[in-house]
Structures are given as C-alpha cells and as structure tokens.
> 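Here's a structure for you.
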Amino acid sequence: WDGDITYEWETSSDGKSWSKAAGGAEYTVSADDEGKLIRAKASIGESVSYSDIERVDGAAIYSIGSDTVRFLGRGENTESGRSMNFPLAGLEFEFSGCSAQMRIAGFEGSAPAYINITVDGRTERKAVEQNGWITLCDGLDKGKHTVSAVRSDEPGAYIYADALKTDASALSPTAGKVRKLEFIGDSYTAGYGLGGSVSDASKSFAAVTAGTLDADINVIASSGKGLYKNLPGFAAEKTMAENYDYAELWKNGVSKWDFNSYVPQVVTVFLGTNDYFADEGAGADGFSAAYSAFIKKIRAKYPNASIICCAKNEGCYRQQIEDAVSKSNDPKVFYLNFGDLGESGLNSHPNEDEQKTLADKLAEKINSIENAWLTEKEVNITLEIGGGGKLTDGGKEISGSFKAYVGGKKVLTLLPDDGHIAGSAALDGKKLEITDNKITLPEDIKEGSVLKITFKRDFSENGVVFYVSESGSDSNTGTLSQPFR
C-alpha cells in the first residue's frame with residue numbers, strides 16, 4: 001500500500017467504552033495504562049482494524065483473533081471466545097518469548113475437557129476444569145517458538161478461549177500448510193478410547209495420516225453419530241450429514257460453517273457403522289440414497305477435491321458405499337475398504353497401533369491419486385538460464401517467466417545443447433535435484449520465486465571428462481573443475 005495510513009490509539013477500563021489516547025504508528029505504555037485495554041485503529045480510506053492488548057504485571061494480553069493466531073479445525077467466534085469443541089479445533093501462533101498462557105472464558109458442562117498443547121513439536125495433554133488461565137509453556141529459552149492448543153477429546157464440556165498472555169512483544173499466526181485434509185466420521189475418526197476412558201483425536205487414523213503427509217486437518221466427527229441415522233442414545237441429535245453445515249457440532253448447530261475458510265484437496269468419509277447398528281442392517285436403501293446425496297453435497301462445497309469413501313468388512317453397509325462411489329460417475333471419488341479394523345481398544349474400537357494401520361492404508365491411497373494436492377492458486381515464477389540449453393514443460397519451451405499451481409509438483413525437463421550437460425538447478429537459492437534431466441518444483445512454491453538453471457560444457461580427452469562451469473552465457477571460457485574418470 002503506497003497511500004497514507006492513519007493511526008489512533010484508544011484505551012478502555014471495561015472493554016466497552018473507549019477513549020482516544022494518542023495518534024501515530026507507535027504508542028508508549030505508561031503507568032496510567034496498568035490494567036487497561038489498549039487498541040490500535042489503522043485506517044486506509046474507510047477500512048478499520050483493531051488489535052486489543054492489555055498490560056498486566058509486565059505481561060501482554062492479546063485478544064485471540066486472526067491477527068494473532070491461526071485457527072485450527074472447525075470453530076466459531078462467540079461472546080465467550082473462540083470455540084474449541086470439534087476434535088482438534090484450536091489455535092496456533094508464533095512468539096519470541098519464554099512463556100505463554102491461554103484464558104478459558106467460557107466453560108459449560110461437566111469437567112474435565114482435554115486439550116493437547118504442542119510447543120516446538122513436543123505435545124502435552126492437559127485437563128481443563130474451569131474458567132481461567134492455562135499455562136501453555138513456561139521457562140523456554142529466549143527465541144522464536146511455535147505453540148498450538150487443540151481440543152483432543154469429545155466434550156462433555158464446551159470450552160471457549162478469548163485471550164493469550166505472554167512475555168513477548170508480539171504474537172503472529174503460523175503459516176498454513178499447502179496440503180489440507182478433511183475428515184468426516186464417527187468414533188473411529190474421533191479417536192474413541194485413545195485417551196484412556198475418553199477420546200484422543202490426535203491419535204486417530206485421521207491425525208496420523210495428516211502427520212504422515214504433512215497436511216493441515218479439519219475433523220468433523222462424533223461418537224454414536226451416523227450419516228443419516230444415529231445410535232438410539234443419540235437419536236435426538238443431528239446426524240453427521242446435518243452437522244456438516246455447522247461451525248459447532250455439540251450444540252446441534254447454530255452458526256453455519258464458512259466452507260471458503262478452509263478448502264481441502266482431499267476429503268475422507270468414514271461413516272456407516274452407526275447407521276448399520278441403528279436399524280440392525282435393515283436400512284440399506286435409505287442409507288444408500290443418503291450416502292449418494294452426501295457425496296454430491298461435498299462435491300458442491302469443494303468442486304476440485306478428491307473424495308475418499310471408506311468402509312470396513314463387516315457392519316457398515318460396505319456394499320452400499322462401494323455402489324454409491326461407482327454410481328457417482330465422478331472420477332475424483334474413490335472407494336477404500338479398510339478391511340478388518342481391529343478391536344483391541346476400548347469397547348471393541350481400534351487401539352493406537354490399529355489406528356496407525358488404518359492411517360498407513362489411507363496415506364497409501366492418497367499418494368496413489370494423481371495430482372491429489374493440486375490447488376487453484378497460481379503463482380508467477382521467473383526463470384534464469386545460464387549456459388547452453390533450455391527448459392521445457394510438456395515439450396513446450398519456457399523462457400523468461402512462467403506460471404505454476406501451488407501443490408502441483410510440476411515436473412520440468414532440462415534439454416542441454418550439444419556439448420553441454422545439466423549442471424545445477426535452484427529455486428530461491430535452494431538446490432533442486434536433477435534426475436534424468438528432470439526437476440520437480442515443490443508443492444509450496446511461492447509467488448515471485450526465481451528458478452535458476454545452469455548448464456555446463458562437456459569436454460572429453462583420453463577418456464577423462466572435464467566440466468567447465470559458465471557464468472550466465474554460452475562461451476568457451478570458464479573455470480576448469482576437478483577432472484574425474
């Protein structure tokens with residue numbers, strides 16, 4: 001933005017009434033600001049944005065929002081804070097400091113609720129039993145750290161977080177991953193029994209698959225729920241097909257989910273067990289119609305996603321699921337039979353090892369799908385070639401600049417001129433491997449990236465090959481490198 005940005009700083013004692021404190025891009029906190037909320041208002045034309053900061057005992061308290069954290073999983077912003085009630089719903093942020101806490105401002109239901117806290121790759125499970133501050137990390141070495149907090153169990157309690165307190169001068173959202181997965185399921189997907197007597201979605205096949213494939217994950221899952229019919233104890237609640245539209249599962253759906261806020265490349269559906277046992281296997285026709293309709297519903301939400309419809313050998317309307325996939329006539333809808341799941345866990349559910357086996361099968365299936373991670377995001381790349389040769393994409397020569405889709409893993413071919421060989425390839429200074437004169441661009445390629453290709457002259461004498469590296473032009477001069485046989 002090259003225009004003028006105006007700033008106003010405001011303070012408040014109650015978060016409702018605000019008073020102008022100063023102008024300018026910076027604000028110096030004084031003793032008079034102790035215990036007050038402070039917010040900055042930046043104006044570009046008529047647009048306004050706020051970032052709330054409260055100072056208490058030398059620590060900074062930040063309101064949880066998209067400017068301070070990256071939201072994970074499904075949730076919604078409420079008066080009590082950000083909801084953390086879907087499996088693996090929560091937040092992630094980066095900061096340079098030694099400690100961080102999260103405030104639970106809304107706690108409803110029976111205790112405890114469980115969250116998984118991950119700090120720089122190390123995870124700890126913690127019980128939440130009431131409103132108040134929860135320690136996320138403490139005593140860290142000075143430097144940059146990544147922290148996440150996500151819901152791991154299926155709640156008997158609803159929790160909402162509204163603030164973070166740290167010794168850092170700023171928080172920032174982490175960057176989302178190129179690969180994105182969505183899972184729709186029941187107790188198998190929610191990780192039933194993997195947290196002892198409760199669920200732990202972080203150990204489910206869904207989470208393990210996401211970890212294996214280095215993907216972000218959204219989980220819409222609940223024990224006892226079916227695609228179109230729940231088990232008797234859950235009959236009064238919405239089915240998963242109905243809940244799919246909502247940002248909150250546990251209150252039977254209030255706010256609609258924004259499907260544009262998270263667009264997965266792969267959607268996995270593993271439903272049918274609870275439907276089967278709800279009507280003792282007698283509802284095949286109803287299930288079949290509902291399943292076909294649900295495939296169409298997902299396709300309408302995500303026109304380009306691959307959809308994997310999962311089943312097991314017994315007790316889940318396996319044949320109806322396979323038939324629905326076939327009848328969809330959709331080349332990006334796939335069928336996967338997990339076979340026998342294993343029943344070594346709580347109440348005959350898969351244990352942690354058996355869940356890993358499911359994850360291996362699913363990851364293998366996803367990896368078999370051509371261009372599974374292709375996105376609609378197209379970026380511009382600048383090409384620089386040194387030496388004698390050219391670069392082609394599907395036989396078409398590339399010169400100057402070209403475009404690539406994020407997630408596409410574009411494979412390009414190097415064609416050396418006579419007397420040259422492929423020397424090196426680098427994207428934004430990072431080396432790319434050359435195999436059989438081909439290079440593969442990474443999935444997370446960025447806008448404005450620079451691809452540098454260097455060709456080398458090939459001289460041979462008495463069976464000894466000499467390589468001469470050239471600096472950007474096709475000439476006979478250069479530096480003679482170490483010869484080898």
Side-chain angles (χ1 to χ4, degrees), residues 74 86-87 154 181-192 199 201 204-206 209 217-253 256-257 259 264 266-302 305-330 332-339 341 349-350 358 362 365:
R74 277 204 182 185
F86 268 108
E154 297 181 81
L181 296 170
E182 182 171 274
F183 291 84
I184 310 157
D186 49 32
S187 55
Y188 297 135
T189 308
Y192 178 85
S199 300
S204 72
F205 78 92
T209 301
I217 181 174
N218 265 18
V219 177
I220 306 101
S222 178
S223 294
K225 303 290 178 62
L227 173 72
Y228 90 118
K229 187 175 290 189
N230 300 335
L231 289 177
F234 304 88
E237 301 179 24
K238 283 183 169 66
T239 63
M240 292 311 298
E242 294 169 324
N243 275 308
Y244 187 59
D245 289 327
Y246 293 94
E248 274 279 49
L249 171 65
W250 310 112
K251 292 190 172 183
N252 265 338
K256 291 294 184 74
W257 173 248
F259 284 90
V266 181
V267 179
T268 298
V269 183
F270 191 16
L271 289 166
T273 299
N274 293 324
D275 301 88
Y276 185 88
F277 288 103
D279 53 24
E280 299 180 351
D285 291 342
F287 178 83
S288 181
Y291 203 96
S292 293
F294 194 54
I295 291 176
K296 293 178 181 179
K297 185 174 188 176
I298 297 171
R299 174 58 69 228
K301 303 297 185 185
Y302 308 124
S306 296
I307 303 171
I308 301 177
C309 302
C310 301
K312 57 180 183 175
N313 279 343
E314 301 293 337
C316 77
Y317 290 126
R318 174 181 57 81
Q319 189 59 56
Q320 284 70 29
I321 294 172
E322 186 174 7
D323 290 345
V325 170
S326 178
K327 292 176 182 177
S328 72
N329 292 319
D330 187 327
K332 299 191 75 174
V333 175
F334 304 91
Y335 173 72
L336 173 62
N337 183 5
F338 281 129
L341 299 191
H349 281 69
L358 302 182
L362 179 57
K365 181 68 176 180

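Quick caveat, the model's predicted, so the values are computed rather than measured.
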> Under the 3.5 angstrom rule, does the side chain of S328 hit a backbone N or O of V325 as a donor-acceptor pair?
yes
> Can you tell me how far OG of S223 sits from CZ of F234, rounded to the nearest 0.5 angstrom?
6.5 Å
> Return the minimal non-hydrogen interatomic distance between V333 and C309, and the atom names on each side.
CG1-SG, 4.1 Å
> Hey, are the side chains of V219 and F86 touching, using non-hydrogen atoms and a 4.5 Å cut-off?
no
> Say you draw a straight line from OG of S222 to NZ of K238; how long is it, rounded to the nearest 0.5 Å?
13.0 Å
> Can you tell me how far the SG atom of C316 sits from the CG atom of N337, to the nearest 0.5 Å?
7.5 Å
> According to side-chain contact (heavy atoms from CB on, under 4.5 Å), who are the partners of E314, at least two apart in sequence or on a separate chain?
none
> Apply side chain to side chain contact (heavy atoms under 4.5 Å, CB included) to the pair F205 and L341, showing each step before the final yes or no.
CA-CA 11 Å; F205 78 92; L341 299 191; over 6 Å; no
> Out of curiosity, W257 CH2 to D245 CG, how far, rounded to the nearest 0.5 Å?
12.5 Å
> Considering all heavy atoms of both residues, which atom of G315 and which atom of F277 are nearest to each other, and what is their separation?
O-CE1, 3.8 Å
> Taking all non-hydrogen atoms of both residues into account, name the closest pair between G226 and L271 and its distance.
C-CD2, 4.4 Å
> Suppose the criterion is side chain to side chain donor-acceptor pair (under 3.5 Å): which pairs have a residue in residues 266-280, not counting sequence neighbours?
Y228-D279, T273-K312, D279-Y317
> Decide if atom NZ of K327 counts as having more than 12 heavy atoms of other residues, nucleotides or ligands within a radius under 6.0 Å.
no
> Run the side-chain hydrogen bond (donor to acceptor under 3.5 Å, both in side chains) test against Q319 and tell me which residues pass, sequence neighbours left out.
D323
> The criterion is ring pair (Phe, Tyr, Trp, His ring centres under 6.0 Å); which residues satisfy it with Y291, sequence neighbours excluded?
F287
> Name all residues meeting the ring pair (Phe, Tyr, Trp, His ring centres under 6.0 Å) criterion together with F294; count only those two or more places apart in sequence or in a different chain, and write none if there are none.
Y244
> Measure the CD1-NZ distance between I184 and K297 for me, rounded to the nearest 0.5 Å.
9.5 Å
> Name all residues meeting the salt bridge (Lys or Arg N to Asp or Glu O under 4.0 Å) criterion together with D330; count only those two or more places apart in sequence or in a different chain, and write none if there are none.
R299
> From H349 NE2 over to Y192 OH, what is the distance, rounded to the nearest 0.5 angstrom?
6.0 Å
> Kindly write out the residues that satisfy salt bridge (Lys or Arg N to Asp or Glu O under 4.0 Å) with K296, not counting sequence neighbours, or none if the list is empty.
none
> The criterion is side-chain hydrogen bond (donor to acceptor under 3.5 Å, both in side chains); which residues satisfy it with T209, sequence neighbours excluded?
none
> Can you say whether the rings of F270 and Y188 are parallel (under 30°), tilted (30 to 60°) or perpendicular (over 60°)?
parallel
> Could you tell me which residues satisfy side-chain hydrogen bond (donor to acceptor under 3.5 Å, both in side chains) with T239, sequence neighbours excluded, listed by chain and number?
E242
> Using the test salt bridge (Lys or Arg N to Asp or Glu O under 4.0 Å), find all partners of R318 that sit at least two apart in sequence or belong to another chain.
none
> Who passes side-chain contact (heavy atoms from CB on, under 4.5 Å) against S204, sequence neighbours left out?
A206, A207, Q355
> Within the structure provided, determine whether M240 and L227 are in side-chain contact (heavy-atom separation under 4.5 Å).
no
> Which atom names give the shortest non-hydrogen contact between D186 and A221, and what distance separates them?
O-CB, 3.7 Å
> Which residues pass the side-chain hydrogen bond (donor to acceptor under 3.5 Å, both in side chains) test with Y302, sequence neighbours left out?
E182
> Could you check if a side-chain atom of L181 sits within less than 4.5 angstrom of a side-chain atom of P264, using non-hydrogen atoms only?
no
> Would you name the heavy atoms of S288 and Q320 that are closest together and state the gap between them?
CB-CG, 4.1 Å
> Where do R74 and Y246 come nearest, in terms of heavy atoms and distance?
NH1-O, 2.7 Å
